[in-house]
Amino acid sequence: MSVDTATVRRVARLARIKVSDEEAERMTGELNSILGFVEQLDEVDVSGVEPMTSVVAIKMRLREDVVTDGNVPEKVVGNAPVCDDDFFMVPKVVE
Amino acid sequence: MTANLWADGAVMLGKLNMDEFAMGSSNETSYYGPVKSPWRKAGSNMALVPGGSSGGSASAVAARICAGATATDTGGSIRQPAAFTGTVGIKPTYGRCSRWGIVAFASSLDQAGPIARDVRDAAILLKSMASVDVKDSTSVDVPVPDYEAAVGRSVKGLRIGIPKEYRLEGLNAEIDGLWQQGIDWLKDAGAEIVEISLPHTKYALPAYYIVAPAEASSNLARYDGVRYGLRVPGSDIVDMYENSRAAGFGAEVKRRILIGTYVLSAGYYDAYYLRAQKVRTLIKRDFETCFEAGVDAILTPATPSAAFGIGEKAGADPVEMYLNDVFTVTVNMAGLPGIAVPAGLSGEGLPLGLQLIGRPFDEATLFALGGAIEKAAGRFAAEKWW
């Protein structure tokens with residue numbers, strides 16, 4: 001399978017990355033090179049094979065459902081590019 | 001993991017450079033610019049790459065700027081730079097070290113480990129770094145053995161598998177010679193050499209370039225310009241996301257996010273992602289079959305070549321750069337431990353490494369075997385020019 005520039009634009013939109021016309025053009029070639037490389041997986045007979053979900057056979061540990069931290073709003077927003085009153089600030093989303 | 005190091009008295013000297021989001025095999029994708037290796041070809045001033053993504057760690061250790069360094073490995077990012085710089089690097093079993101605090105790249109593959117000057121130092125570092133951690137639910141609660149005690153332990157009677165599929169067509173003659181030398185060294189040390197088959201080896205790299213970007217595209221969704229990192233304003237919130245991510249991510253990271261988004265998108269998930277995860281099951285099964293047949297560890301080359309020049313592969317196809325990880329990526333796909341140990345110099349005077357792959361949580365055997373190779377091969381240090 002190969003992609004065209006329109007598909008690259010659509011995927012970039014899904015990934016929320018703005019691409020210029022020139023970038024979309026270049027990425028189409030690069031993506032097709034990678035997709036061409038992974039195409040060899042089609043040779044493998046995977047019928048009846050379970051997809052891997054965990055590489056190590058362990059049971060996921062569950063911790064007790066209790067509050068272990070909190071009351072640190074200033075730390076939570078401490079790295080935000082824009083914040084106000086311990087809230088993350090974003091462009092208006094509701095009219 | 002760093003808390004474990006501090007508790008054992010380690011001192012932090014500083015942070016080291018790496019490829020952006022750990023995506024790269026040469027350090028040339030670093031936001032801060034490429035790391036130069038302390039190694040140079042004999043009679044040449046050309047700047048060489050230290051490998052990647054943990055190239056800063058490998059370079060600093062090779063240049064004797066620090067005693068050891070932490071690193072992470074998703075497809076070879078500890079072992080390939082270790083091999084390029086004449087240092088020892090171990091990627092432990094998936095779950096051996098906590099990943100708390102590490103920016104997630106591909107969560108089913110990422111593992112942390114040390115890069116050190118020699119096998120004993122690597123053993124001491126890993127003993128300190130490894131532990132279960134309530135803050136990383138993938139960290140495993142199994143005792144951490146005394147790895148240092150394994151260094152120098154006899155390797156007599158150990159069965160070492162030599163996978164025939166790693167004898168790639170057109171493999172560099174120096175690498176092939178080094179591999180044979182390693183086989184001879186382990187044989188001389190009393191190990192038993194057996195040829196093994198890992199039939200799905202050639203599919204590991206293509207499967208990796210589906211699984212890793214898919215997981216990365218999901219993990220890196222958190223870089224949205226809202227909670228941390230760069231924000232570039234836009235006309236509305238989606239425009240702000242798109243501008244921030246376009247400006248904040250480098251070309252290689254964008255490439256992988258796009259591949260990952262594509263293989264997970266409606267209509268392609270089964271053909272790409274699900275198939276790759278099935279192939280991964282087969283890759284792991286190949287290893288399990290060998291271990292069940294009594295193989296204690298597997299010896300392979302660490303990289304298909306010695307270090308190359310900065311910019312030398314700049315115009316190349318992305319896939320050509322990815323091929324650097326052809327010997328290391330299988331280990332991540334199967335969650336196994338792998339160590340890269342310096343084993344010799346190329347004709348041009350650059351370090352070359354061998355890789356040993358072990359059973360899950362049997363890092364101790366890798367330290368014993370790594371120690372045997374180190375004893376036979378000697379140590380390699382870059383000539384100081386800086």
Side-chain angles (χ1 to χ4, degrees), chain A residues 1 3 7-20 23-24 26-31 33-58 60-63 68 76-83 88-94, chain B residues 93-95 108-109 134 137-138 140-141 200 202-203 205-207 209-210 217 221 224-231 233-234 236-243 245-246 249 254-255 257-259 261-262 265 268 271-272 274-282 284 317-319 322 333-335 360:
Chain A
M1 272 180 271
V3 293
T7 309
V8 169
R9 293 194 153 286
R10 185 177 61 82
V11 172
R13 178 83 180 163
L14 289 173
R16 298 286 184 259
I17 296 176
K18 194 165 278 181
V19 293
S20 66
E23 270 182 312
R26 199 192 62 233
M27 283 174 169
T28 305
E30 290 168 353
L31 262 54
S33 146
I34 298 168
L35 292 172
F37 175 63
V38 304
E39 213 163 70
Q40 50 184 307
L41 294 181
D42 294 346
E43 300 161 21
V44 187
D45 180 8
V46 293
S47 48
V49 178
E50 282 292 311
M52 181 174 285
T53 49
S54 172
V55 78
V56 172
I58 48 154
M60 184 69 86
R61 285 192 313 279
L62 297 177
R63 67 166 174 83
T68 54
V76 173
V77 298
N79 289 321
V82 192
C83 65
F88 295 114
M89 299 300 285
V90 294
K92 198 170 174 183
V93 284
V94 182
Chain B
T93 312
Y94 184 82
S108 75
L109 301 160
V134 291
S137 62
T138 67
V140 175
D141 191 7
H200 296 91
K202 70 176 279 208
Y203 302 110
L205 202 56
Y209 274 97
I210 291 174
S217 71
D224 55 6
V226 175
R227 289 159 294 166
Y228 30 68
L230 180 80
R231 172 185 290 197
D236 56 25
I237 192 163
V238 171
D239 202 46
M240 185 275 284
Y241 291 150
E242 291 188 340
N243 289 340
R245 291 165 63 80
F249 292 137
K254 285 185 203 173
R255 190 148 56 222
I257 291 175
L258 291 193
I259 280 285
T261 306
Y262 178 72
S265 64
Y268 298 104
Y272 286 111
L274 199 65
R275 173 170 279 268
Q277 289 290 50
K278 287 178 180 177
V279 170
R280 206 173 158 190
T281 298
L282 295 172
K284 185 160 187 265
D317 192 278
V319 173
Y322 299 168
M333 293 301 267

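In the text below, chain A, chain B and the rest are named by the order of the sequence lines, each starting its count at 1.
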Under 4.5 Å from any heavy atom of chain B - which part of A/F37 = both
Looking at A/E23, A/R63, A/R61, which has the largest count of heavy-atom pairs under 4.5 Å with chain B?
-> A/R61
On a heavy-atom basis, the closest approach of A/L14 and B/S265 is CD1-CB, 4.4 Å
Considering only heavy atoms and a distance below 4.5 Å, find which of A/V76, A/V8, A/V19, A/D42 pairs most often with chain B.
-> A/D42
Any chance you could measure B/K254, atom NZ, to A/M27, atom CE, to the nearest 0.5 Å?
-> 5.5 Å
Minimum-distance pair of heavy atoms, taken over all atoms of A/I17 and B/F249 = CD1-CD1, 4.2 Å
B/G225 and A/P81 have their tightest heavy-atom pair at O-CG, 3.3 Å
Selection from A/M89, A/R13, A/R26 maximising heavy-atom pairs under 4.5 Å formed with chain B | A/R13
With no hydrogens and no angle check, is any side-chain donor or acceptor of B/R275 less than 3.5 Å from a backbone partner on A/L41?
-> yes
Which atom names give the shortest non-hydrogen contact between B/M333 and A/V55, and what distance separates them?
-> O-CG2, 3.5 Å
Note: B/Y203 and A/Q40 closest approach over all heavy atoms is CE2-O, 3.4 Å
Of the listed B/L274, B/V238, B/I257, B/L109, the one with the largest count of heavy-atom pairs under 4.5 Å with chain A is B/V238
Exercise answer: donor-acceptor pairs, residues 44-53 of chain A side-chain atoms, under 3.5 Å, sequence neighbours excluded:
unit_1, atom_1, unit_2, atom_2, d
A/D45, OD1, A/S47, N, 3.1
A/D45, OD1, A/S47, OG, 2.6

Where on B/S217 is there a heavy atom nearer than 4.5 Å to chain A: the side chain, the backbone, both, or neither?
-> neither
So what's closer than 4.5 Å to chain A heavy atoms on B/D236: side chain, backbone, both or neither?
-> backbone
Are side-chain heavy atoms of B/I259 and A/L35 found at a separation under 4.5 Å?
-> yes
Which region of A/V90, side chain (C-beta onward) or backbone (N, CA, C, O), has a non-hydrogen atom less than 4.5 Å from a non-hydrogen atom of chain B, or is it both or neither?
-> both
Quick one: CG on B/D317 to CD on A/E30, what's the gap to the nearest 0.5 Å?
-> 8.5 Å
Which atom of B/L258 lies closest to which atom of A/V11, heavy atoms considered = O-CG1, 3.4 Å
Side chain / backbone / both / neither for B/A334 at chain A, heavy atoms under 4.5 Å | backbone
For B/R245 and A/A15, indicate whether the former's side chain and the latter's backbone hold a donor-acceptor pair under 3.5 Å.
-> yes
Just do the side-chain contact (heavy atoms from CB on, under 4.5 Å) check on A/L31 and B/Y262 with the steps written out, would you?
-> CA-CA 10 Å; A/L31 262 54; B/Y262 178 72; 5.5 Å; no
For A/S20, is it the side chain, the backbone, both, or neither that has a heavy atom closer than 4.5 Å to a heavy atom of chain B?
-> neither
